[in-house]
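Reviewing the structure listed below.
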There are 2 protein chains.
Amino acid sequence: MAIRIGALARQTHCTVETIRYYEQTGLLPEPLRTAGNYRLYHAEHIERLHFIRHCRALDMSLEEIRVLLSYRDTPQQACDEVNGLLDQHISKLDQQIADLLQLKQRLQGLRSHCRGENTAESCGILQELTHCSCTTEKMN
Amino acid sequence: MAIRIGALARQTHCTVETIRYYEQTGLLPEPLRTAGNYRLYHAEHIERLHFIRHCRALDMSLEEIRVLLSYRDTPQQACDEVNGLLDQHISKLDQQIADLLQLKQRLQGLRSHCRGENTAESCGILQELTHCSCTTEKMN
DNA sequence: TAAAAACCCTGAAGTAGCTATAGAGTCAAC
DNA sequence: GTTGACTCTATAGCTACTTCAGGGTTTTTA
């Protein structure tokens, strides 16, 4: 019923180092050890790590996951905030997608400035990158 | 004709610290200094930083930019690699967009598991995150 | 039974691309 | 002459890990 860290890593598609890192930052509790000082994981740890990895697969930050875990750990609370967190995460995604699509358009525009038989000196892309009017205003 | 670091930062929509960081990592050459040890920037520096910022606005990495700058610095070379770098960057973007869209679908699916009047204990989202079959395989 | 291979341990440093902080110096205006 | 805006260096911090050095443990194989 108990497994060591390597087996757990294989089960959850992450590395041994990542698991130790989660423990270090308090996402996973410290497990019991064998006589030889090896970590030993049981069902509860394993489920918790699966939870974390699923959240990470959904690109949630460790801080977001920390919040979700706290809800998981206090089952009597209302779960409104869980919904809110997800909704927020989804709109963040929407923004990212829109940004990337815009970026792609700009890159394709830029790409069309070079016909490919040039030297760097006369390359339209490099010139455009120096003088272009594409906005950098949104950055900080 | 010469400006100080604060003015350059305003012109290029970045911070003073970012400019110093670029200098430190070799993207920008060390500029001349005033008697009082202030950095003084001239047209060439300014254009180079504009180039860098435009590339960053297109989400290129500093390593990619380093390559582009080396092309800019040796104007006799053919510029095929510039095209290649851009094409590669565009397909990376395509992949990112596809990933985000898939992610969004999964999140929306997950979101639909909670009707909002639950306690955390019975919240469909938290349960789903523990046991769901959504893949974590692509991660490392 | 011995040795090789596979596994695990800790602690510290490195990654990208900055951002933030401390503590000090410079320069123009009032 | 002092206030305030600007600049300087050096160092540490951020996310989510990854890599490394230098060791100990367990399992497999000869």
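We name chains A, B, ... by the order of the sequence lines, and we start the count at 1 in each one.
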Taking 4.0 Å as the cut-off, does a side-chain nitrogen or oxygen of [X] come that near to OP1 or OP2 on [N]?
X	N	value
A:Arg39	C:dC9	yes
B:Arg33	C:dT26	no
A:Arg20	C:dC9	yes
B:Thr34	C:dT26	no
B:Tyr22	C:dC18	yes
B:Arg4	C:dC27	no
A:Thr15	D:dC17	no

Whole angstrom value for the distance that separates [atom2] of [N] from [atom1] of [X]:
X	N	atom1	atom2	answer
B:Tyr21	D:dA12	OH	C1'	15 Å
B:Gln24	C:dG17	CD	C1'	12 Å
A:Arg56	D:dT18	CZ	C1'	14 Å
B:Leu28	C:dC18	CG	C1'	14 Å
A:Leu40	D:dT25	CG	C1'	13 Å

Please state whether the base of C:dG25 and the side chain of B:Tyr38 form at least one donor-acceptor pair under 3.5 Å?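 For B:Tyr38, whose side chain was compared with the base of C:dG25, there is a donor-acceptor pair (under 3.5 Å).
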
Run the numbers on B:Arg48 and B:Tyr22 for side-chain hydrogen bond (donor to acceptor under 3.5 Å, both in side chains), then give the verdict. CA-CA 11 Å; B:Arg48 195 181 180 86; B:Tyr22 289 162; over 6 Å; no

With a 4.0 Å cut-off on heavy atoms, is A:Ser61 in touch with a base, just the backbone sugar-phosphate, or nothing at all?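 Contact class for A:Ser61: sugar-phosphate only.
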
Could you tell me if A:Arg72 sits above the aromatic ring of A:Phe51, with its cationic atom closer than 6.0 Å to the ring centre and no more than 45 degrees from the axis?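 Checked: cation-pi criterion met.
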
A:Lys92/A:Glu64 ion pair, N-O < 4.0 Å: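 Salt bridge between A:Lys92 and A:Glu64, a charged N being under 4.0 Å from a carboxylate O: yes.
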
Charged N to carboxylate O under 4.0 angstrom, B:Glu23 versus B:Arg20?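 Not counted as a salt bridge, because no side-chain N and carboxylate O are separated by less than 4.0 Å.
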
